[in-house]
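Residue numbers begin at 1 in each chain, while the letters A, B, ... track the order of the sequences.
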Amino acid sequence: MAGCLPVDQPFLDLARIATAWFDENARDLPWRHAEAGAWGVLVSEFMLQQTPVVRVEPAWRAWMTRWPDPAALAADTVAEAIRAWGRLGYPRRALRLHACAEAIVERHGGVVPDRLDDLLALPGIGAYTARAVTAFAYGQRQPVVDTNVRRLVARAVSGRPDAGPATTAADLTAVEALLPVQDRLAARASAAFMELGALICTARNPRCQDCPLWTGCAWRLTGSPAGSGPMRRPQRYAGTDRQVRGLLLAVLRESSGPVPAARLDLVWPEARQRDRALAGLITDGLVVAASGHRYALAGEASHRS
DNA sequence: GACTCGTGGGA
DNA sequence: TTCCCAAGAGT
């Protein structure tokens with residue numbers, strides 16, 4: 001088999017090597033089990049958007065127990081979805097996942113669609129998540145490009161220390177070219193790329209000693225030059241509207257019903273910023289004003305008093 | 001494209 | 001302690 005042809009470009013074998021490694025080293029994550037189904041995969045992808053695996057796993061288990069299919073979630077309130085989201089961060093994702101479940105019920109009879117176009121049309125599903133579902137839930141051959149894959153390809157294939165800004169179309173083309181022809185093998189390779197990026201080819205302190213791609217890695221072959229560091233100084237979190245939104249929502253999450261405005265006033269001293277944050281939450285559809293100068297999670301059953 | 005949007009843990 | 005950053009999407 002191997003050796004029939006001279007290998008000018010060893011990384012024609014990248015997918016095969018990565019997959020072989022994956023077979024031995026993949027984490028045993030619950031949404032990778034067949035029982036998780038397409039809904040389980042979809043929920044995991046929503047939760048994993050910018051949230052680490054270790055924090056997602058318990059939340060995912062609770063979520064799937066409570067809402068084992070899209071219809072179950074769609075039948076419950078947005079407020080409960082926001083509460084169950086807990087402290088995963090970016091609570092708008094809970095809102096979108098709920099809306100996504102509703103759309104799946106309405107448009108697809110409660111079955112997570114397997115067509116890329118249908119998935120892309122759903123709330124909260126973008127280029128990455130749509131392809132992740134087609135590949136991981138339905139075994140299709142689609143380029144699944146997340147931050148891990150972009151970094152892995154930038155290094156191993158292009159020899160660059162880091163991936164630049166996401167350029168969706170180009171990234172999709174580049175990764176697609178790396179996939180095996182067969183659907184099932186391609187889907188497996190996609191999972192393998194992500195896992196390699198997450199566990200070995202990490203952003204900081206990559207574990208090149210343990211990397212199966214070491215021999216042919218273009219970055220390693222050029223001496224593993226250092227990157228230029230963070231491109232721009234990210235905004236500090238402390239003192240941002242984001243933090244204030246988080247504080248406000250935490251209060252509402254932990255309350256069973258509408259909360260007096262005076263209670264929300266306690267979370268942040270500056271009224272101007274506090275009001276702006278609250279207005280933003282309302283605009284986003286996470287919070288609604290209730291009677292008697294009170295506020296509640298959106299979709300909360302209103303309590304008369 | 002540039003921004004915005006939470007949260008918590010590890011280096 | 002500070003700072004990076006972790007399976008993105010929407011505007």
Inset, instruction - Run the salt-bridge test on A:Glu270 and A:Arg274 with the 4.0 Å N-O cut-off and return the result as yes or no. - result: no
Inset, instruction - Can you tell me the distance, in whole Å, between the CG atom of A:Leu88 and the C1' atom of C:dA7? - result: 13 Å
Inset, instruction - Classify the side-chain pair A:Ser190/A:Arg131 by whether it contains a donor and acceptor separated by less than 3.5 Å. - result: no
Legend entry - Interatomic distance where CG belongs to A:Leu281 and C1' belongs to B:dG6 [whole Å]: 11 Å
Legend entry - Nearest-angstrom distance from the residue atom CH2 of A:Trp60 to C1' of C:dA7: 15 Å
Inset, instruction - Would you kindly check whether a donor in the side chain of A:Thr147 faces an acceptor in the base of C:dG8, or vice versa, at under 3.5 angstrom? - result: no
Inset, instruction - Provide, to the nearest angstrom, the distance between the CG atom belonging to A:Asp284 and the P atom belonging to B:dG6. - result: 7 Å
Legend entry - Atom CZ of A:Arg66 with >12 non-hydrogen neighbours under 6.0 angstrom: yes
Legend entry - Short N-O contact, A:Glu195 and A:Arg32, less than 4.0 angstrom: yes
Legend entry - Euclidean distance, atom CZ of residue A:Arg151 to atom P of C:dG8 [Å, nearest integer]: 10 Å
Inset, instruction - Would you kindly give the CG-to-P distance between A:Asp241 and B:dT7, to the nearest whole Å? - result: 13 Å
Legend entry - Crowding at CD, A:Glu24 (>12 non-hydrogen neighbours, <6.0 Å): no
Inset, instruction - With DNA chain C as reference, determine whether A:Arg204 or A:Trp31 sits nearer its 5' end, using the nearest nucleotide of each. - result: A:Arg204
Legend entry - A:Arg253 vs A:Asn205, nearer the 5' end of DNA chain B by closest nucleotide: A:Arg253
Inset, instruction - Using whole Å, report how far CG of A:Leu42 lies from P of C:dA7. - result: 18 Å
Legend entry - Length of the CZ-C1' vector between A:Arg87 and C:dA6, whole Å: 17 Å
Inset, instruction - Would you mind classifying the nucleic acid contact of A:Arg32 as base, sugar-phosphate or nothing, using non-hydrogen atoms under 4.0 angstrom? - result: base
Inset, instruction - Consider the side chain of A:Val53, meaning its heavy atoms from C-beta on, and name the nucleotide among C:dA6, C:dA7, B:dG8 that approaches it most closely. - result: C:dA7
Legend entry - Carboxylate-amine/guanidinium contact A:Asp118 A:Arg107, below 4.0 Å: no
Legend entry - A:Ala203 side-chain proximity, nearest of B:dT7, C:dC5, B:dA11: C:dC5
Inset, instruction - Quick one: label A:Arg150 by what it contacts on the DNA or RNA (base, sugar-phosphate, nothing), any heavy atom closer than 4.0 Å. - result: nothing
Inset, instruction - Group every Ile, Leu, Val, Met, Phe, Trp and Tyr by side-chain heavy-atom contacts under 4.5 Å, then state whether A:Leu172 and A:Phe136 land in the same group. - result: yes
Legend entry - N/O (side chain, A:Gln50) to phosphate O (OP1/OP2, C:dG8) under 4.0 Å: yes
Inset, instruction - List the atom of A:Pro70, the atom of A:Ala101, and the distance in Å for their closest heavy-atom pair. - result: O-CB, 3.5 Å
I'd like a table of atom pairs between the protein and nucleotides 9-11 of chain C - only N or O on both sides, under 3.5 Å - with the distance next to each one.
{"unit_1": "C:dA9", "atom_1": "OP1", "unit_2": "A:Gly126", "atom_2": "N", "d": "3.0"}
{"unit_1": "C:dA9", "atom_1": "OP1", "unit_2": "A:Thr129", "atom_2": "N", "d": "2.9"}
{"unit_1": "C:dA9", "atom_1": "OP1", "unit_2": "A:Thr129", "atom_2": "OG1", "d": "2.6"}
{"unit_1": "C:dA9", "atom_1": "OP2", "unit_2": "A:Tyr128", "atom_2": "N", "d": "3.3"}
{"unit_1": "C:dG10", "atom_1": "OP1", "unit_2": "A:Gly124", "atom_2": "N", "d": "2.6"}

Legend entry - P atoms of B:dG8 and C:dA9, separation to the nearest Å: 23 Å
Legend entry - C1'-based separation of C:dA7 from B:dA2 [nearest Å]: 23 Å
